[in-house]
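All heavy atoms count here, side chains included; hydrogens, waters and symmetry mates do not. Values in this document were obtained by computation on a predicted structure and should not be read as measured data.
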Amino acid sequence: MNENLFASFITPMMLGLPLVTLIVLFPSLLFPTSNRLINNRLISLQQWILQLVSKQMMSIHNTKGQTWTLMLMSLILFIGSTNLLGLLPHSFTPTTQLSMNLGMAIPLWAGAVITGFRNKTKASLAHFLPQGTPTPLIPMLVIIETISLFIQPVALAVRLTANITAGHLLIHLIGGATLALMNINITTALITFIILILLTILEFAVAMIQAYVFTLLVSLYLHDNT
């Protein structure tokens, strides 16, 4: 109970070197590439899920937007597997770090916006000033739309960081409360333990949902600019 509440969010070190690079690369080992003519059940299940998600997410895009399919599928696999691995005991979740989430959100958002300005310059500039705006409100609306444009990657990163961090903190707090109540009241401790199990199941769902939401919003930003 004396452990720092935010100790699990500290970047792990070994011999003075951060292990973030190894942790980030580890999820790629969970998705092997098969060279066989007939795949096993695990790889077939992975391919079926990827085809289902890509078909649902990329159906709204034109030909230029569909060129991002591989990148977006890699993104959802990386975020989802990283979030799930972070639920293991004594593990580190890179997506709880705002700096890393900004490192994913800003380049993808910038790529989508730059694509829009290159391919649809007039339409992209028209977003800054809605049609029929009164003349006195034009400067204010341009400023508001500019701020809303630049706030998009920040909102992406903060949403992912806040949801994953909040879930881990709740699990930590309820787990600590369960251990403390075992010496006081077994019945209350059992109820708290059941709540902990239900919360853990919810966090598994949140881990996948947040990966899907992050990728879907990037896909929508791309759709608006292609």
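Of all heavy-atom pairs spanning Ala112 and Asn225, the tightest one is O-CB, 3.1 Å. Pairing each heavy atom of Thr188 with each of Thr192, the nearest pair is O-OG1, 2.8 Å. Nearest heavy-atom pair, His168 versus Leu87, reported as atom, atom and distance to 0.1 Å: NE2-CD2, 3.8 Å. Considering every non-hydrogen atom in both Leu77 and Ser81, the closest pair reads O-OG, 2.7 Å. Minimum interatomic distance between Thr69 and Ser54 (heavy atoms only, all atoms of both residues): CG2-CB, 4.3 Å. Closest non-hydrogen pair, Pro153 versus Ala105, comes out as O-CB, 3.5 Å.
A donor-acceptor pair under 3.5 Å is absent between the side-chain atoms of Thr215 and the main chain of Tyr212, judged by distance alone. The backbone N or O of Glu145 sits less than 3.5 Å from a side-chain atom of Ser148, completing a donor-acceptor pair.
Taking His223 as the reference, nothing meets the side-chain hydrogen bond (donor to acceptor under 3.5 Å, both in side chains) condition, with sequence neighbours excluded. Residues that satisfy the side-chain hydrogen bond (donor to acceptor under 3.5 Å, both in side chains) test with Ser219, not counting sequence neighbours, are His61. A search for side chain to side chain contact (heavy atoms under 4.5 Å, CB included) contacts involving Asn62 returns Lys64, Thr226, not counting sequence neighbours. Listed by chain and residue number, Asn83 satisfy the side-chain hydrogen bond (donor to acceptor under 3.5 Å, both in side chains) test with Thr95 (two or more places apart in sequence, or in another chain). With sequence neighbours excluded, the residues satisfying ring pair (Phe, Tyr, Trp, His ring centres under 6.0 Å) with Phe150 are Trp109.
In this structure, Leu216 CG and Ile76 CD1 are separated by 8.5 Å, a value rounded to the nearest 0.5 Å. Gln97 CD to Leu160 CG: the interatomic distance, rounded to the nearest 0.5 Å, is 11.5 Å. Between Ile106 atom CD1 and Leu156 atom CG the span is 10.0 Å, to the nearest 0.5 Å. Here the straight-line distance linking atom OG1 of Thr115 with atom CG of Asp224 works out to 12.5 Å at 0.5 Å rounding. One distance of note links OG1 of Thr96 with CG of Asn101; it measures 8.0 Å at 0.5 Å rounding. With rounding to the nearest 0.5 Å, the separation of CD1 in Ile197 from CD1 in Ile174 is 11.5 Å.
No option in Ile143, Ile144, Val142 other than Val142 meets the side-chain contact (heavy atoms from CB on, under 4.5 Å) test with Thr146.
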CA sep, side-chain torsions, deciding dist, call: Thr178, Ile195, side-chain contact (heavy atoms from CB on, under 4.5 Å) | CA-CA 10 Å; Thr178 304; Ile195 295 174; over 6 Å; no

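Sorted by first then second residue, the side chain to side chain donor-acceptor pair (under 3.5 Å) pairs that include residues 200-209, not counting sequence neighbours, number zero.
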